[in-house]
Amino acid sequence: MKLLPIWEERVKDVAQEPAVNRISYGLKKSPRYYAMRTNFIETVDDGQAMLDFALQRPLSHIGFDTEFGYDRPGIVIDGRNTSHDPRSIRPLLLSLVMAEPPDEGEGCLYSFVVDLRKPELLPAMNELFRLTLPFVGHFAKVELFCLWRLGIGEPLLLWDTFIFEKLLHLGRHHHKYRVRNTADEYEQIRAKEESNENKVYGFSLVATCQRYGVAYRMEAEKERLRQSFLTHPAAARFSQEQIDYAAEDAIAAGRLYPLQVQKAVQHGLLRHCETVEMDWVITNARIEWTGVRVDERKRDEAIARISVHLERVEKHLAAEYGIRNTQSHKQLAEFFQGCGLLHKFLQGGKVSFDKKVLKKNAGLHPAIALLRSARRASDLLADRLLTPEFVGAGGRVRAEHRQLGTDTGRQTSRWPNFLGLDRVLRPLVIPEDGFGIGEVDWSQVEVGVAAAMYGDDELVRMFNSGDVYSAMAQHFFREQLPEEDRTIAGKEFKAKHKVLRNQMKSCTLGIIYGITPVGLAQTLGTTRAKAAALQNRFMAMFPRLQGALVLASQCGAIRGYACTISGLKRYRARDGEATRWEKNWLTNHPVQGSAAVAFKAAGNRLDKLYRQHDARIIIPLHDAFIFEAPLNALGTVADITSRVMCDTLQEYFPALRPQVEVNITRPDCWNKDGDGEELERWIATLNELMYGHETGSKEA
DNA sequence: GAAGAGAGCGCC
DNA sequence: AAAGGGCGCTCTCTTC
């Protein structure tokens, strides 16, 4: 780097403050100069000087924040929420706070605000973000969007103060902790308000600063100033107040960082943050930034065909049976009362018209099949993936992917909810031209994780054998199985003894989720006594697991949290005896949470390894990665994905021999097992329902 | 009219 | 007395 000439001004500063200036040979302005003000950067010279400063000072970390508007209006979700295409973000200001560790006593913060509307400043910014020191932001996802919009690469090391707060309080605000009916009215109202406040403001920058005793000077003006950027005229100058406000957020993030790291150490969370969660902020942001392409023609056709069907079914139900609204519990109750069938819909003392009950009673009345079909049709039509407004830049839909959206550490997604997208609608997701879509799933990952987390060698052995449920069934039912079936391969057994294998599957998931004999009896359609006996015999296969589960819930209840393999914790919000629900999640979290941790770790690697192949993750599906890659690289990318997923899980759990299932056989759309015709086939069944086998246009 | 509870669908 | 972990989302019905 070229050193800049020493200026008179700097010499003067040095003379005034010799103690601060140890090594500022090349600097245009002295550290003291920068330390005394918010430095607004508008020119190339100033930008370069700032970069030189950052390169030459022994900084510990950099706090950063952006102010921005949007090129396009967002989609109004409800009264409180608007969804913006991240690609429409319009960066305005970048604030940076460079933190210098203390020589003795207190450290020093140097504050800069950069006008991002000036393209000539961007090369220096690009350089700056290549610095190998932590960049600290609060909800850094939007900062990353601003950088990417400007063609600036993300920082190599990132710390998100918002994500850390989420981690630190994981589980504490679960809705089931809201006050029960027994509490008096005042208590209820107070708890409700508190819970709402926590949800909305709990992890905001201001609230976070308050918790850490960090001064935040512009709290009263924050909302007004934040808004001011959304409507800021393109070329207008920024007011000093706007600049100060931008600086304040970066300063706050910069101040929070060392305090949060200290807290992380106290809670045993530091490793988790540094090895998984903070990198996932970048991976996750890129997934959101990428989005998925939707086949708009196929979508519109699907909407039309499903709507036609729904209208016909509804008309029929209204005309023949007087059911005007299939979604009204009240109307259904009246109707079935009239038929004298209402007692058939009793479930545990309550009348229920859910899918299971309707299916059970399908033969009782011709209206029931129509009801089911209408339900399904209106559910599909209501999916937000079908909303044309969500299609943003490049013909892609970008959902919000919420990191730590669940209290176990999993992700959630919304607007639209990709993670919960009905199988039938998945084929509407298609790749960019010249690309293909692939999917790699971990096989039975939670069973393996449960085995390893709870140290049960027998369950580990069965997991490692290939098909864990087949292995269980072969052992469990060994006396009733013909000799040759006791040792055949898992895949073969699966096909031959589906019922036996399914029993094992239900029992296994039952362990993971804490099912009772009553629940098991319901799923298996057997008596309570038989289910209880089955469960007992099943658990007897895994004594180690049984003991470890009891220990996990008891110790967890006492210390107040459950913990994953990486140290990620889910906390209780009360003391004392754990409820059934708490006992269940105390044993489940180490499993679901650890799987989520390994999944993110794998995703972080893929995010980097994909780059050489121009591939990208499009949907992180809890235990499967859906990716998009150039058609000629699809196989390679699938191999990388498989390898990384297996390796990562094995690194967390060295005893496991993980397996994956690869699906790249129909790369023209997202599908299950290379199918791709899910939607068409479902629509065909509609026609069958209404008109027998004559599918098509004949009017009813 | 807004907000919340409850039921019910879908996903892992 | 209930009886399976984690979610998003829509719809109905009630309440304020």
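Residue numbering restarts at 1 for every chain, and letters A, B, ... go by the order of the sequence lines.
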- Nearest-nucleotide pick for A:Asp623, side chain only, options being B:dC12, C:dT12, C:dC7: B:dC12
- Task: Could you tell me whether the side-chain ring of A:Tyr513 sits stacked on the base of C:dG4, using a centroid cut-off under 5.5 Å and a plane angle under 30°?
- Result: no
- Does any residue of residues 560-572 of chain A have a heavy atom under 4.0 Å from DNA chain C, and if so, which ones, in number order? A:Arg570
- Whole angstrom is fine here: how far is it from CG in A:Asn417 over to C1' in C:dG6? 12 Å
- Query: Below 4.0 angstrom from OP1 or OP2 of C:dT10, is there any side-chain N or O of A:Arg375?
  - Reply: no
- Message: Tell me if the side-chain of A:Arg410 makes a donor-acceptor pair with the base of B:dC12, cut-off 3.5 Å, by modelled atom types.
- Response: yes
- Reckon A:His174 has a side-chain N or O less than 4.0 Å from the OP1 or OP2 of C:dC7? yes
- A:Trp415 CH2 - C:dG8 P separation (whole Å): 10 Å
- Item | Nearest-neighbour nucleotide for the A:Trp581 side chain, C:dT12, C:dG4, C:dG6 considered | C:dG6
- Does A:Phe627 have A:Arg616 sitting over its ring (NZ/CZ under 6.0 Å from centre, angle to axis within 45°)? no
- Is A:Lys583 near enough to C:dG4 that one of its side-chain N or O atoms lies under 4.0 angstrom from OP1 or OP2? no
- Item | Closest to the A:Asp407 side chain, choosing from C:dC7, C:dG5, C:dC11 | C:dC7
- Query: Is the ring centre of A:Trp682 less than 6.0 Å from the ring centre of A:His309?
  - Reply: no
- Out of C:dG6, C:dT12, C:dC9, minimum distance to the side chain of A:Asn325 belongs to C:dT12
- Query: Is it true that A:Lys672 and A:Glu678 have a side-chain N and a carboxylate O under 4.0 angstrom from each other?
  - Reply: no
- Nucleotide of C:dG4, B:dG8, C:dC9 approaching A:Phe353 most closely (side-chain heavy atoms): B:dG8
- To the nearest angstrom, how far is A:Trp585 atom CH2 from C:dC7 atom P? 11 Å
- In whole Å, what is the span from the CZ atom of A:Arg423 to the P atom of B:dC9? 17 Å
- Message: Given C:dA3, C:dC7, C:dG4, identify the nucleotide with an atom nearest to the side chain of A:Thr412.
- Response: C:dC7
- Message: Taking the six-membered ring of A:Tyr561 as reference, does the cationic atom of A:Arg559 (NZ for Lys, CZ for Arg) lie under 6.0 Å from its centre and within 45° of its axis?
- Response: yes
- Query: Does A:His343 have its ring centroid less than 6.0 Å away from the ring centroid of A:Phe336?
  - Reply: no
- Message: Rounded to whole Å, how long is the line connecting atom CG of A:Leu381 with atom P of C:dT10?
- Response: 12 Å
- Query: Does the gap between the ring centers of A:His589 and A:Tyr571 come in under 6.0 Å?
  - Reply: no
- Note on the structure: From the candidates C:dC7, C:dA3, C:dT10, the one with an atom nearest any side-chain atom of A:Arg528 is C:dA3
- Item | Most 5' of A:Arg414 and A:Glu446 on DNA chain C, judged by nearest nucleotide | A:Glu446
- Check if the side chain of A:Gln592 and the base of C:dG6 share a donor-acceptor pair of N or O atoms closer than 3.5 Å. no
- Select one nucleotide: of B:dG10, C:dG4, C:dT10, the one nearest the side-chain heavy atoms of A:Arg580. C:dG4
- Nearest-nucleotide pick for A:His329, side chain only, options being C:dT10, C:dC7, B:dA7: B:dA7
- Whole Å only: how far is the CD atom of A:Gln327 from the P atom of C:dC11? 7 Å
- Qualifying residue, where the test is side chain to side chain donor-acceptor pair (under 3.5 Å) with A:Gln444 and the options are A:Thr508, A:Asp467, A:Asp623: A:Asp467
- Residue A:Thr408, side-chain heavy atoms: nucleotide from C:dT10, C:dG6, B:dC12 that is nearest: C:dG6
- Message: Can you confirm whether or not the ring centre of A:Phe599 sits under 6.0 Å from the ring centre of A:His622?
- Response: no
